[in-house]
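Here's the structure we're looking at; comments come further down.
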2 protein chains.
Amino acid sequence: MKAPASHQPAFRRIEPDARRLALIEACARVLARAGAAGASVRAIAVEAGVSPGLVSHYFTGIEALVAATYAHVEGTVDTALDRAVAEAGPDPRARLDAFVTASFAPGIADPQLLATWIAFWSLVTARPAIAAQHDEQYSGSRARLEALLGACGVPTERQRRDAIAVSALVDGLWLELCLSPGCFTAEEAGDIARRFLDTLISTDR
Amino acid sequence: MKAPASHQPAFRRIEPDARRLALIEACARVLARAGAAGASVRAIAVEAGVSPGLVSHYFTGIEALVAATYAHVEGTVDTALDRAVAEAGPDPRARLDAFVTASFAPGIADPQLLATWIAFWSLVTARPAIAAQHDEQYSGSRARLEALLGACGVPTERQRRDAIAVSALVDGLWLELCLSPGCFTAEEAGDIARRFLDTLISTDR
DNA sequence: CCTGTTGTTGTACGATCGTCCAACAAGCTT
DNA sequence: AAGCTTGTTGGACGATCGTACAACAACAGG
């Protein structure tokens with residue numbers, strides 16, 4: 001039998017935004033632990049400590065939850081990178097260096113984070129709405145890079161191309177660092193990226 | 001119309017290696033069309049024109065088939081890149097340029113090809129055997145790049161790092177080109193990569 | 001033509017998937 | 001204390017998943 005004399009609530013009601021966030025964070029943990037293939041509605045519900053039906057109640061479907069999780073995780077990463085840049089002080093080049101260095105720090109270059117990206121990427125090709133979300137987030141991340149480069153003296157007409165280049169190099173290093181952690185270190189990745197920045201910022205070009 | 005009333009074979013027996021390859025190619029087509037989520041045993045069997053049971057007969061499971069497909073597609077890409085390098089003639093720098101240019105050519109930088117990579121990447125973190133396969137293929141691709149760089153005069157002690165850098169830049173550009181085809185062009189990607197090679201090969205560094 | 005080998009079929013099976021919705025209960029209002 | 005709103009439950013549902021296996025048939029060797 002159940003239910004003793006005293007009464008303990010079987011569940012707690014929390015406000016919609018908080019519940020939504022809890023589901024997103026649970027989704028991120030499941031993706032990190034079990035990968036894209038293991039991120040089912042039921043597994044996420046168990047992780048969040050709620051019933052499976054609640055996922056459908058807050059999200060159109062599991063794809064929408066994955067998209068929201070990607071946006072949230074990318075937001076977290078952006079915040080961490082922004083903090084690293086802010087802590088680097090006023091020198092433009094130091095800020096740029098801090099950006100790339102933080103991109104390979106533990107917790108950012110993390111195989112568990114990669115799972116969220118992969119789950120999201122797997123939806124980009126087939127779902128136009130997801131592709132649009134990717135375009136938007138990518139161009140936002142590129143805009144920040146353009147600003148950092150501009151502060152270092154990169155002329156306006158070269159900012160777009162150089163931001164694409166830096167973004168690609170950092171992402172490529174980040175990807176391999178996650179996929180083959182033993183092949184090279186985060187320090188090496190940072191060195192490579194910073195050396196590349198040298199060639200972009202040097203005036204004799 | 002021939003061979004009428006008598007008998008038409010319900011299926012053809014072909015030698016194991018050919019059937020294996022047919023299944024791999026069918027898997028690649030399904031991945032390209034439907035993405036990682038749609039690559040089920042049944043869908044692949046339909047695409048190959050065989051019964052579902054045959055997949056289990058030739059592969060341990062669908063993960064093994066995806067891994068074999070990745071190896072096969074990467075082999076195809078490597079062959080295309082090798083041909084581009086060979087057609088570039090004897091000049092080392094021209095060969096290196098041909099390598100990066102071909103990396104962004106249609107059929108290589110292709111959203112449909114990306115699906116195979118994503119399906120494979122999604123298995124890397126969880127499956128040690130798949131991680132080992134990735135390490136091997138990545139180091140092989142890096143070794144080729146080291147050779148091309150060495151021929152251009154990059155000293156031995158810098159080849160490893162520079163190969164990692166070029167590989168990351170090319171892969172990062174390739175990835176974004178597949179995910180957001182409208183953001184920048186293959187020509188721009190090639191320009192960025194070739195300009196990066198300039199900085200690596202110039203002797204005053 | 002017959003026979004043996006074996007590549008191939010087709011289905012059955014249990015597990016798990018995403019979605020849905022009527023019923024329930026937590027907690028605020030009155 | 002009672003009522004009301006609504007966040008939440010939990011199971012039903014059909015579809016689809018990967019796998020296994022006995023029966024079948026294509027084809028080479030006799």
Side-chain angles (χ1 to χ4, degrees), chain A residues 2-27 30-31 33-69 119 122-123 126-127 129-130, chain B residues 3 6-27 30-31 33-69 119 122-123 126-127 130:
Chain A
K2 55 174 290 187
S6 74
H7 189 63
Q8 184 161 356
F11 60 91
R12 283 188 318 146
R13 308 174 76 142
I14 65 180
E15 79 177 272
D17 285 345
R19 181 67 80 190
R20 210 181 139 82
L21 181 61
L23 287 171
I24 286 173
E25 289 173 339
C27 180
V30 171
L31 280 170
R33 185 203 318 135
S40 67
V41 169
R42 284 169 177 83
I44 294 166
V46 168
E47 177 70 31
V50 299
S51 82
L54 207 57
V55 173
S56 309
H57 188 260
Y58 280 99
F59 296 92
T60 310
I62 197 167
E63 293 186 356
L65 175 51
V66 168
T69 301
S122 73
L123 303 175
R127 317 287 165 181
I130 306 263
Chain B
S6 65
H7 190 61
Q8 184 158 356
F11 60 91
R12 285 190 317 148
R13 309 174 72 145
I14 66 180
E15 79 178 89
D17 285 344
R19 182 67 80 189
R20 210 181 141 82
L21 181 61
L23 287 172
I24 286 173
E25 288 173 340
C27 180
V30 171
L31 281 170
R33 184 204 318 136
S40 68
V41 169
R42 284 171 178 80
I44 295 165
V46 168
E47 177 69 33
V50 300
S51 82
L54 208 58
V55 174
S56 309
H57 188 261
Y58 280 99
F59 295 93
T60 311
I62 197 168
E63 294 186 355
L65 174 52
V66 168
T69 302
S122 73
L123 303 175
R127 317 286 165 180
I130 305 263

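Each chain gets a letter, A, B and so on, in the order its sequence line appears, and its residues count up from 1. Basis for what follows: all heavy atoms, side chains included, without hydrogens, waters or symmetry-related copies.
When all heavy atoms of A:A36 and A:A119 are compared, the closest pair comes out as CB-CB, 3.9 Å.
Comparing B:A39 and A:R13 by the nucleotide of DNA chain D that holds the closest heavy atom to each, the one mapping nearer the 5' end is A:R13.
Taking a 4.0 Å limit (strictly below) on heavy-atom distances, residues 51-67 of chain B reaches DNA chain C at B:S51, B:G53, B:L54, B:H57, B:Y58.
Proximity of A:L65 to A:V41: side-chain heavy atoms (C-beta onward) are nowhere separated by under 4.5 Å. Looking only at side-chain heavy atoms (C-beta outward), A:E47 and A:R33 come within less than 4.5 Å of each other.
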For a side chain to side chain contact (heavy atoms under 4.5 Å, CB included) check, start with the C-alpha distance between B:I62 and B:I44, then their side-chain angles and the critical distance, and finish with the verdict. CA-CA 10 Å; B:I62 197 168; B:I44 295 165; 4.2 Å; yes
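For B:R19, a side-chain nitrogen or oxygen approaches OP1 or OP2 of C:dT8 to under 4.0 Å. In this structure, A:S40 does not reach the C:dT16 phosphate: none of its side-chain N or O atoms is under 4.0 Å from OP1 or OP2.
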I'd like a table of donor-acceptor pairs (distance under 3.5 Å, sequence neighbours excluded) in which one partner is a side-chain atom from residues 13-24 of chain B, with atom names and distances.
unit_1 : atom_1 : unit_2 : atom_2 : d
B:R19  : NH2    : B:R12  : O      : 2.8
B:R20  : NH1    : B:Y58  : O      : 3.2

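Distances were taken from every side-chain heavy atom of B:F11 (C-beta onward) to each of D:dT9, C:dG27, C:dT9; the shortest belongs to C:dT9.
To the nearest angstrom, P of D:dA28 lies 12 Å from CZ of B:R12. Rounded to a whole Å, the CZ atom of A:R42 is 13 Å from the C1' atom of D:dC17. Rounded to whole Å, the distance from CD1 on B:I14 to C1' on C:dT9 is 15 Å.
Note that the CZ atom of B:F11 and the CG atom of B:L54 stand 10.0 Å from one another [nearest 0.5 Å].
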